[in-house]
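These notes concern the structure reproduced below.
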Amino acid sequence: MTNHLLKGGVCAAVVAAGFFMQPAHAAMNCWNAQHVAAAKIRDLQSRLMVATMRCNAMGINVLPAYNEFVRTNRGTIQDANGVIKAQFAKGFGARGQTEYDRFTTVLANAYGAEPTNAAVCGETAARAHDAVAARGDVQRLLDIADAMGSEPSLPGGRCKVTFASVNE
């Protein structure tokens, strides 16, 4: 019986250790300019989506403007998400999708508690229309995101900018 308990204890210890082991790619890499741009576009989409839901809950229908934004910019949004998913896969290996899901949930949750009123809903619709006019143009979408104060928290942080010295 003692041998059985010992084996059970060893098995439990091995299983528990598996929960705490870090995968080979446990450190998130820094985010270069392309990664940051992708995160800002994802943040814009999250901000507009959450505000649309908050407005809808108040009885103000912003959904047509939001849906048009998504339809018109679907390719750019998907490309941005692909860049972000690749960043998480590189940083977290097999846990990349889970960490990506956590990242996008944090983005959306950041906007859930913001105040909602008719002015906010009007602003949301206006920004969605501006984003429709961008027609997938990354720089125009980034300009809208920046104007809205987009600064998503990036695990691993932004890559440092360095300049090589020029020897003459």
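Hydrogens, waters and symmetry mates play no part in the numbers below; they use all other heavy atoms, side chains included.
- The two residues T104 and D101 make their nearest non-hydrogen contact at OG1-O, 3.0 Å.
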Trace of the side-chain contact (heavy atoms from CB on, under 4.5 Å) decision for M148 with L48
CA-CA 10 Å; M148 294 181 77; L48 292 175; 4.3 Å; yes
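- K40 and D43 are not joined by a salt bridge, as no carboxylate oxygen comes within less than 4.0 angstrom of a charged side-chain nitrogen.
- To the nearest 0.5 Å, the span separating OG1 on T162 from NZ on K160 amounts to 10.0 Å.
- Atoms CG and CD, on D146 and E151 in that order, are 7.0 Å from each other to the nearest 0.5 Å.
- Going from atom OG1 of T76 over to atom CG of N81 covers 11.0 Å, rounded to the nearest 0.5 Å.
- Closest of all the heavy-atom pairs between V161 and F163 is CG1-CZ, 4.0 Å.
- Using a 30° and 60° split on the angle between ring planes, F103 and F88 fall in the tilted class, from 30° to 60°.
- Counting only distance, with no hydrogens or angles, the side chain of W31 and the backbone of A39 share no donor-acceptor pair below 3.5 Å.
- Note that CE of M49 is 11.5 Å distant from CG of L44, once rounded to the nearest 0.5 Å.
- Between the side chain of N56 and the backbone N or O of T52, no donor-acceptor pair lies under 3.5 Å.
- Here the closest non-hydrogen pair linking A38 and I84 is O-CD1, 3.5 Å.
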Using side-chain contact (heavy atoms from CB on, under 4.5 Å), reason through S153 and V106 one step at a time and then give a plain yes or no.
CA-CA 9 Å; S153 178; V106 167; 5.9 Å; no
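- Classification of the Y66-F69 ring pair by plane angle, with boundaries at 30° and 60°, yields tilted.
- The only member of Q87, R95, R42 that meets side-chain contact (heavy atoms from CB on, under 4.5 Å) when paired with Y100 is R42.
- Through direct or relayed side-chain contacts under 4.5 Å between Ile, Leu, Val, Met, Phe, Trp and Tyr, V62 connects to M58, I60.
- By the 4.0 Å N-to-carboxylate-O rule, K85 lies too far from E99 to be salt-bridged with it.
- When atom types are taken as modelled, the side chain of N73 and the backbone of A131 share a donor-acceptor pair closer than 3.5 angstrom.
- With hydrogens and angles disregarded, a donor-acceptor distance shorter than 3.5 Å links the side chain of T72 to the backbone of E68.
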Go through the steps to decide whether V36 and R158 satisfy the test side-chain contact (heavy atoms from CB on, under 4.5 Å), and finish with yes or no.
CA-CA 7 Å; V36 172; R158 291 179 183 227; 3.5 Å; yes
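- Judged by distance alone, the side chain of R54 and the main-chain N or O of C121 form no donor-acceptor pair under 3.5 Å.
- For C159, the side-chain contact (heavy atoms from CB on, under 4.5 Å) test picks out C30, N32, with sequence neighbours left out.
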For residues 135-145, which side-chain N or O atoms pair as donor and acceptor with protein atoms under 3.5 Å away, sequence neighbours left out?
residue, atom, partner, partner atom, Å
D137, OD1, Q139, N, 3.1
D137, OD1, R140, N, 2.8
Q139, NE2, D143, OD1, 2.9
R140, NH1, A133, O, 3.0
R140, NH2, A133, O, 3.2

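- Residues M28 and V83 do not share a hydrophobic cluster, defined by chaining ILVMFWY side chains whose heavy atoms lie under 4.5 Å apart.
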